[in-house]
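For reference, the structure discussed in these notes is given below.
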Amino acid sequence: MMSPVVSTFASRKAGALPEIVTESLAGDHPLRGSVLILGNFDGLHVGHQQLVHMAHGLAGKHPVSVMSCEPHPRSFFATQDEPFRLATPSAKRLLMAPYGVDFIYSPRFNRSFAGMSPAEFVDDILVEALGVRHVIAGPDFRFGNKRSGDMRMLSELGALRGFGVSIAPEVAHAGIRVSSTLIRTAIRSGDLRGAARFLGGGWLVETRRRADGSLEMHPDLCKPRAGRYAGFPERAGYQPDRIRIDITPEGGFIPLSPYPLQSAPEMWRLETQD
Ligand SMILES: Cc1cc2nc3c(=O)[nH]c(=O)nc-3n(C[C@H](O)[C@H](O)[C@H](O)COP(=O)(O)O)c2cc1C
Ligand SMILES: Nc1ncnc2c1ncn2[C@@H]1O[C@H](COP(=O)(O)OP(=O)(O)O)[C@@H](O)[C@H]1O
């Protein structure tokens with residue numbers, strides 16, 4: 001696991017939650033001129049963490065940012081019929097804070113955003129709306145209408161428009177490229193220990209309180225196989241013993257020992273199967 005970092009960006013307080021930017025940054029905004037990491041970022045697995053470290057190396061005193069559209073493009077294209085998300089919007093902010101991410105660029109992924117050509121994305125978003133200094137993505141990153149833009153095109157457009165483009169080396173674990181898909185498969189099969197290895201720590205799960213006071217997993221989250229797991233409530237400065245938690249087929253989330261109450265949304269770390 002990568003160690004968390006503190007950004008050297010002058011206007012940021014250590015550990016502060018990243019800001020959420022959904023539209024554009026005004027011309028004199030201090031978050032313009034960032035190093036932006038491109039992708040979906042459904043959470044922050046060890047491959048993603050490597051990209052954030054690379055971004056800090058390039059950014060120096062400038063901001064570091066991550067693109068993570070809402071809803072997740074897969075929901076927009078409705079290619080998934082079962083819940084698949086690894087991180088809710090609140091969880092993403094919590095996960096990225098210790099890595100010194102200054103803002104999350106989180107535009108609405110709708111028909112007009114998806115319909116932009118690669119050149120429009122570069123001109124309207126990267127240059128006009130955000131004023132990026134540099135962008136980073138893995139070699140497989142695709143963007144623009146029908147995924148028509150690739151890293152080669154992005155490098156060419158960056159050279160023309162005056163920002164840098166870096167292709168990140170792939171991060172593998174035991175010879176397998178770490179990916180969100182791999183982590184979803186581990187979670188669905190009940191292998192929370194395996195998922196935690198790829199995530200660099202326990203899986204951050206947002207829960208909700210039902211009318212009867214019981215907890216359930218956020219309905220958008222990938223569902224672990226029903227069974228008994230172990231984890232603890234996520235709370236600053238709180239280092240509890242692991243609590244056993246039963247997860248039901250419907251996503252019911254039942255801690256088996258008392259725990260300190262927290263206000264909603266309640267975040268938990270699931271670390272392992274019992
Ligand atoms: C501006 C922009 C437009 C996009 N348009 C499309 C699109 O029309 N069709 C598509 O499948 N992906 C599109 N994408 C890519 C998606 O963001 C996303 O990466 C992909 O659909 C999800 O597949 P993956 O998880 O396998 O990468 C676009 C991305 C960007 C940044
Ligand atoms: N194992 C990895 N090694 C290096 N870069 C990665 C890795 N996994 C994802 N990336 C990069 O991180 C960015 C976000 O990836 P994303 O598509 O959201 O994640 P995933 O591929 O895990 O679904 C993309 O630029 C992608 O190329």
Side-chain angles (χ1 to χ4, degrees), residues 1-2 21-24 35-55 57-58 64-80 84-87 89 91-92 95-96 99 101 104-130 132 134-155 157-158 165-187 194-195 197-200 203 222:
M1 179 192 172
M2 287 274 142
V21 174
T22 55
E23 308 250 325
S24 59
V35 174
L36 172 69
I37 315 169
L38 297 168
N40 295 315
F41 285 92
D42 182 13
L44 197 68
H45 63 55
V46 293
H48 296 149
Q49 291 166 20
Q50 182 69 49
L51 268 65
V52 180
H53 274 260
M54 190 172 166
L58 289 160
V64 166
S65 55
V66 167
M67 179 169 89
S68 185
C69 302
E70 287 289 346
H72 192 291
R74 282 185 188 210
S75 318
F76 175 76
F77 294 117
T79 48
Q80 301 266 326
F84 66 91
R85 284 186 62 145
L86 296 175
K92 283 191 222 171
L95 289 167
M96 290 184 195
Y99 288 87
V101 173
I104 303 175
Y105 174 57
S106 190
R108 230 183 140 69
F109 197 88
N110 54 20
R111 193 180 296 273
S112 91
F113 193 88
M116 275 189 281
S117 69
E120 282 168 340
F121 175 69
V122 166
D123 289 343
D124 299 355
I125 305 296
L126 300 184
V127 177
E128 284 293 318
L130 303 176
V132 299
H134 202 105
V135 296
I136 303 176
D140 59 337
F141 177 71
R142 294 301 193 109
F143 66 103
N145 191 16
K146 302 204 171 88
R147 301 166 60 94
S148 50
D150 59 12
M151 287 308 281
R152 195 173 143 170
M153 192 187 285
L154 189 59
S155 304
L157 289 167
V165 177
S166 295
I167 303 178
E170 291 213 324
V171 177
H173 191 90
I176 305 167
R177 179 186 178 273
V178 179
S179 72
S180 304
T181 306
L182 189 67
I183 299 167
R184 291 181 190 115
T185 305
I187 290 172
R197 261 199 303 275
F198 301 130
L199 289 166
W203 181 34
C222 188

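Just so you know, these numbers come straight off a predicted model, no measurement behind them. As the structure lists them, so they are numbered: ligands from 1, and atoms in each ligand from 1.
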Under 4.0 Å from a heavy atom of D140: which atoms of ligand 2 are those, numbered in the order shown and with their elements? 26 (C), 27 (O)
Note: A172, heavy atoms under 4.0 Å from ligand 2, region reported as neither
Nearest heavy atom to atom 8 (N) of ligand 2, choosing from R177, H72, R142, R74, belongs to R177
Enumerate the atoms of ligand 2 whose separation from the nearest heavy atom of L38 is less than 4.0 angstrom. 13 (C), 14 (C), 24 (C), 25 (O)
If you count the atoms of ligand 2 from 1 in the order shown, which ones are under 4.0 Å from a heavy atom of P169? 3 (N), 4 (C)
Go through ligand 2 atom by atom and flag the ones less than 4.0 Å from a non-hydrogen atom of S179. 22 (O)
For a 4.5 angstrom cut-off between non-hydrogen side-chain atoms, does V46 reach H173? no
Would you say G144 has any N or O atom under 3.5 Å from an N or O of ligand 1, going by distance alone? yes
Salt-bridge test for D42 and R74: reply yes if a basic N is under 4.0 Å from a carboxylate O, no otherwise. no
For ligand 2, which atoms have a heavy atom of G39 less than 4.0 angstrom away? 14 (C), 18 (O)
Which is closest to atom 11 (O) of ligand 1 in terms of heavy atoms, E120, R147, H72? R147
Can you find an N or O of D42 that's nearer than 3.5 Å to an N or O of ligand 2? no
The one among F141, F109, F76, F113 that brings a heavy atom closest to atom 1 (C) of ligand 1: F113
Residue portion contacting ligand 2 (non-hydrogen atoms closer than 4.0 Å) for S180: both
